[in-house]
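Here's the structure, in structure tokens; my notes come after.
What you see is a predicted model; the values in this text were computed from it and never measured. One is the number of the first residue; the rest follow in order along the sequence.
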Amino acid sequence: YGRDLVAIARKAEGQTEIGTLKASFDKLKAEIEKTGNLHIHLSERIKEEVQKIEAFREHQREQRKKLEEIIEKLQKPKMLLHKKTIDSKRLYEQRCKEAEEAEQAVGKKTNVTTSIHRQSEKVMNRARLCRQAANLAEKQYKTNVDQFEKTCQDWERTYRSACEVFQQQESERINILRCVLWDHCNLLSMQCVQDDDCYEEVRKLLEQCDIITDNNCFIKMKKTACRPPAPIEFQSYSDVDANGGVRMLETKRLSVILPGMSFSGYPEAGSNSAGTYTSAQQTGGVTEKHMVLYDFKAQEDDELSVSKGQVVTITEQGEDGWWRAWRDGISGLVPGTYLTKISPQSYSTCLAAAHPEHNPIK
């Protein structure tokens with residue numbers, strides 16, 4: 001399980017994420033790998049405990065085997081003596097029965113007066129032999145009983161000692177297993193606490209994961225400008241006629257602006273006579289008069305609304321196509337393609353047309 005966690009943590013997941021979510025991914029993988037290493041360490045400790053238990057069980061098995069061998073050695077002679085004692089008892093009872101029958105036969109012969117002396121002597125001799133055999137059988141029976149009793153006492157004493165050892169082994173086994181299981185539960189409980197601590201660190205970092213922050217981080221990394229580029233006006237005819245006046249223009253709006261591009265032979269607003277785009281750095285901050293070609297309505301706070309035909313003063317020409325213009329004491333940004341540069345003569349004509357009461361000729 002620990003090795004699987006480490007393998008999962010080392011997979012290249014979340015590499016494409018950015019910002020706080022990437023940090024959360026990295027923290028999660030780090031904590032998963034840490035948890036996997038903790039489980040690997042836990043498994044090693046459990047293996048050590050299992051090896052101790054196996055060694056303990058092997059020691060008990062050897063000790064039990066020795067005791068069982070001792071009991072078996074005593075068990076075999078005990079069984080042989082038991083059989084021998086039973087046989088001697090059976091023989092003793094048979095000899096006693098024969099001796100009684102012989103003695104009864106002797107009593108009958110002594111009561112008969114007509115008996116022959118030789119027959120009486122034979123019967124008495126037989127009774128004496130039977131009694132001797134009975135006495136021998138009784139002696140052997142007693143000897144076997146004594147030996148069997150002694151063997152039984154030795155066997156019972158050994159068996160009792162073995163039972164005490166077995167009971168002690170069982171007590172040790174129960175105690176060892178109880179302690180091992182207790183330690184095992186403690187290890188698992190500690191591991192659960194450590195796992196929860198690791199995941200709590202991930203949860204704390206996830207609480208700081210912010211959608212807006214990540215989106216702003218993406219915009220900051222991938223942005224190309226602060227606002228959309230101004231459209232390019234394609235002029236089909238020259239802006240200014242030979243007398244310096246402004247002609248009616250036929251334009252076609254383009255949707256894409258290419259910074260730094262020049263159109264030879266078709267000078268745009270804010271360009272020089274060679275048709276090269278003029279930036280604010282090239283103008284060096286020199287103010288120029290420009291006429292508005294199209295109406296423009298400001299959409300942002302930093303933009304300036306202008307109307308067609310108005311004359312504005314340009315103080316800065318930005319590379320993104322937005323120029324800073326002044327009109328009536330108000331400054332703002334206007335699209336550079338909406339303007340055209342005018343000469344001083346054209347500017348005087350526009351002023352005379354706008355304010356006829358100031359015209360000295362009139």
Stepwise side-chain contact (heavy atoms from CB on, under 4.5 Å) check, S88 with Y92: CA-CA 6 Å; S88 63; Y92 167 70; over 6 Å; no

Would you compute the distance between atom CG of D328 and atom OG1 of T313 and round it to the nearest 0.5 angstrom? 10.0 Å

Using the rule given for side-chain contact (heavy atoms from CB on, under 4.5 Å), can you reason through C209 versus D214, listing the C-alpha separation, both sets of side-chain angles and the distance that settles it, and then say yes or no? CA-CA 8 Å; C209 182; D214 286 357; 4.1 Å; yes

Does a side-chain N-to-carboxylate-O contact under 4.0 Å join K84 and D87? no

Please answer whether the main-chain N or O of C185 pairs with a side-chain N or O of S189 as donor and acceptor at a distance below 3.5 Å. no

side-chain contact (heavy atoms from CB on, under 4.5 Å) for Q153 and E149? Distances and angles first, verdict last. CA-CA 6 Å; Q153 290 178 358; E149 182 66 22; 3.5 Å; yes

Would you indicate whether K89, at its atom NZ, is surrounded by more than 12 heavy atoms from other residues, nucleotides or ligands within a distance under 6.0 Å? no

Is it true that, when you exclude K34 itself, more than 12 heavy atoms of the residues, nucleotides or ligands shown sit nearer than 6.0 Å to its NZ? no

Donor-acceptor pair between N144 and Q140 side chains, under 3.5 angstrom: yes

Can you list, by chain and residue number, the hydrophobic cluster partners of F25 when the side-chain cut-off is 4.5 Å? L21

Hydrophobic cluster membership, I71 vs V165, 4.5 Å side-chain cutoff: no

To the nearest 0.5 Å, how far apart are NE2 in H82 and SG in C152? 7.5 Å

Pairing residues for D196 by the salt bridge (Lys or Arg N to Asp or Glu O under 4.0 Å) criterion, not counting sequence neighbours: R203

Quick one: do R95 and E98 make a salt bridge, cutoff under 4.0 Å? yes

What's the separation between atom CD in E172 and atom CG in L177, rounded to the nearest 0.5 Å? 11.5 Å

Smallest separation among heavy atoms of C130 and A99, with atom names: CB-CA, 3.6 Å

Rounded to the nearest 0.5 Å, what's the gap from NE2 on H41 to CD on Q194? Could you check? 8.5 Å

When hydrophobic residues are tied together by side-chain contacts of less than 4.5 Å, even through go-betweens, does I330 share a cluster with L333? yes

Rounded distance (nearest 0.5 Å) linking atom CD of E49 with atom SG of C179: 10.0 Å

Around atom CD1 of I174, are there more than 12 heavy atoms of other residues, nucleotides or ligands at under 6.0 Å? yes

R61 with E58: basic N within carboxylate O range, under 4.0 Å: yes

Any side-chain heavy atom of K78 within less than 4.5 Å of one from D154? no

Is it true that K142 and D146 have a side-chain N and a carboxylate O under 4.0 angstrom from each other? no

Is the number of heavy atoms from other residues, nucleotides or ligands under 6.0 Å of R126 CZ greater than 12? no

Tell me, do Q147 and L81 make a side-chain contact under 4.5 Å, heavy atoms counted? yes

Might you work through the side-chain contact (heavy atoms from CB on, under 4.5 Å) test for R178 and N175, ending with a clear yes or no? CA-CA 5 Å; R178 182 185 64 177; N175 184 41; 3.0 Å; yes

Kindly work out whether a path of hydrophobic side-chain contacts (I/L/V/M/F/W/Y, heavy atoms less than 4.5 Å apart) joins V202 to I32. yes

Side chain to side chain, T35 and Y199, heavy atoms closer than 4.5 Å: yes

E170 and R173 ion-paired at < 4.0 Å: yes

For Q167, I'd like to know if atom CD has over 12 heavy atoms of other residues, nucleotides or ligands within 6.0 Å. no

Common cluster, I46/M190, ILVMFWY with side-chain heavy-atom separation under 4.5 Å: no

Kindly indicate whether the side chain of Q94, heavy atoms from C-beta on, has any atom under 4.5 Å from the side chain of R90. no

Are the side chains of L42 and L38 in touch, meaning some heavy atoms are under 4.5 Å apart? no

What residues, two or more places apart in sequence or in another chain, satisfy ring pair (Phe, Tyr, Trp, His ring centres under 6.0 Å) together with F166? none

dist Q60:CD -> I176:CD1 (nearest 0.5 Å) comes out at 8.5 Å

Under 4.5 Å between side-chain heavy atoms, counting indirect links through other Ile/Leu/Val/Met/Phe/Trp/Tyr residues: same cluster for Y141 and L91 or not? no

Donor-acceptor pair, S331 side chain versus W326 backbone, under 3.5 Å? no

